[in-house]
Amino acid sequence: MKSKARGLDGGLTDYGDKEFARFLRRSFARSTGLTSRSLDRPVVGICHTESGFNPCHRHFGDMVEAVARGVTAAGGLPVPFPVISLGEAFLHPTSMVYRNLMAMAVEEMIRAQPMDSVVLLGGCDKTVPALLMGAASADKPAALVVAGPMMTGRHRGERLGACTDCRRFWARYRAGRIEREEIEQVEGRLAVTTGTCAVMGTASSMALVAETLGFVLSGTAAIPAVHADRLRAAEETGALAVSMATEGGPTPSTLITPRSVDNAFQVLLAVSGSTNAVIHLAAIAGRAGIDFDPGRFNDLARATPVTVDLKPVGEGYMEDFHAAGGLDGVLRGIADGLEGGCIDITGRMLSTRLEDPLADPIDHRVIRKADDPVDHQGGLVILHGSLAPDGALLKRAAATPRLLESEGRAVVFSSLEDLATRIDSPDLDVRADDVLVLQNAGPASPSGMPEAGYLPIPRKLAAEGVTDMVRISDARMSGTAFGTIVLHVVPESHLGGPLALVKSGDRIRLSVSSGTIDLLVSNDELERRRRAWRKPGVAHPRGYRSLHSASVLPWTKGCDLDFLRPVSAGSGEHVGRRPATDGDSP
Ligand code: FES
């Protein structure tokens, strides 16, 4: 059998003459000043996401250089290449819509360009999921270096970290408890260095998920962005990528397995991680043909203690977490439930990592032991019921305990625009024990599942001191937000799920102890409303947005696009294709 072409000889451009294609490629490569000796080395692609619109990645120039240094020192040829970058606060309507576009770019550029392995550089919320989704589908040996968290700022004696404290101060400002001058001061003190948000939000959660899956060098996911160790980790990863290139692995398909995905969910639960990370991990697993199982997730949630006390739920910040022992501390705390046979990019098994005699001691004030947890069960729970037949997600750990078993009157907003128009109206008929409901904010809706699930407390209630209410939607919530917030309701309202049928004044019951969320309206009445419901028209008639709204899957399938899921060997169909009747196609 002919051996596969490697290095720059891989995947030659089609001119109908392979030798000419090779000659032309080498000629252009030499135009960069490389000698022919360099061209014969294993090629390590460095897939980076630096962008002026992504301040969290503004140190990636140094990081790319460090990875390249490691590659060169180990005898490889580093070839950096850019892909789409997604800066969380700089995208309309929401970065979530573009995660799959980025994943497509990553997959195709890894596959189309000649590289034997790839080092992925990401960090801001959607970038790590997109990189791993694309890499999983391309399935070339891949390692990840994350941006690392930013450092905290200071304001009047308090530590500040984006973005939990952004929301905390904004809520105070909305309630009239601080003045405009102070909120402007805070604006300049929330994000004071490069790196990802300083709390256990989506970016930090995904960095830990990626390390648990094995894509990140052990002990490096939480190193602060500005720490010299971050550059050392980048250099080491570059060197490792050369051996991954020559050995042909480990590949993403050997790292992403049902057992490593279970481990990653357990870590996410133990750190009380972001609700968004559940979607992203389901998407990454889905690319490897592993379906998300809500029942399994709830079993893991019941069995996994929360051992980390960080904002947005607790007290500390990511720099404290890293100093306290980082992911090692979490893994050791929940070791009994983990599958030790999973490997990482170095080929080392998790069980070997857990027994490392040279590992740093853990500061148990920040990362607790399993027998002295912050909470005896995981911070996230999937609910079902007549309002969410296919599931909804609640971050129990971020909720107000008395609201976890409650019933209230629905106050419905039919869209984001309706919410913006009426939420602060003095005429809004709303009480503190009501349930705020937002419709048409799911993945297939024109808004593309924004982080709008954290509905603001109506101004008149906030001014009375109300800080939390039950809020329900098919939207997402920032990983840095908090409150009694039921998210990701499936089926979504834009596609005619029961959420679309809720009217103001209906009663809704939430019972986290029984795992239910129910709309207390008779079946006959719901059937009458269902017959009267009309599917909204096509919001995006062309381009990527039309592709997205017609093909996006529910969060239980990671909000991936149906045609990007793996093709089933038996039927030749994409696993989990969205039924044609659900589509937005004209
Ligand atoms: Fe980039 Fe939070 S905005 S990680």
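Order of appearance sets the numbers: ligands from 1, and atoms from 1 within every ligand.
- Here D375 pairs with R396 in a salt bridge; the nearest charged N to carboxylate O distance falls below 4.0 Å.
- Pairs of residues two or more places apart, or lying in two chains, that qualify as ring pair (Phe, Tyr, Trp, His ring centres under 6.0 Å) and include a residue from residues 120-166 are H155-F169.
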Can you list, pair by pair, the side-chain donor-acceptor contacts under 3.5 Å of residues 220-229, counting residues two or more places apart and other chains?
{"from": "T220", "atom 1": "OG1", "to": "L217", "atom 2": "O", "distance (Å)": "2.7"}
{"from": "H227", "atom 1": "ND1", "to": "D229", "atom 2": "N", "distance (Å)": "3.0"}
{"from": "D229", "atom 1": "OD1", "to": "R232", "atom 2": "NH1", "distance (Å)": "2.5"}

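- Here E182 does not pair with R172 in a salt bridge; the nearest charged N to carboxylate O distance is not below 4.0 Å.
- Legend: residues meeting disulfide bond (SG atoms under 2.5 Å apart) with C342, ordered by chain and number and at least two apart, are absent.
- Among the candidates R365, R159, K311, the single residue satisfying the salt bridge (charged side-chain N to carboxylate O under 4.0 Å, His left out) test with D320 is R159.
- Ordered by chain and number, C56 SG, C124 SG make up the set of protein N, O or S atoms under 2.8 Å of atom 1 (Fe) of ligand 1.
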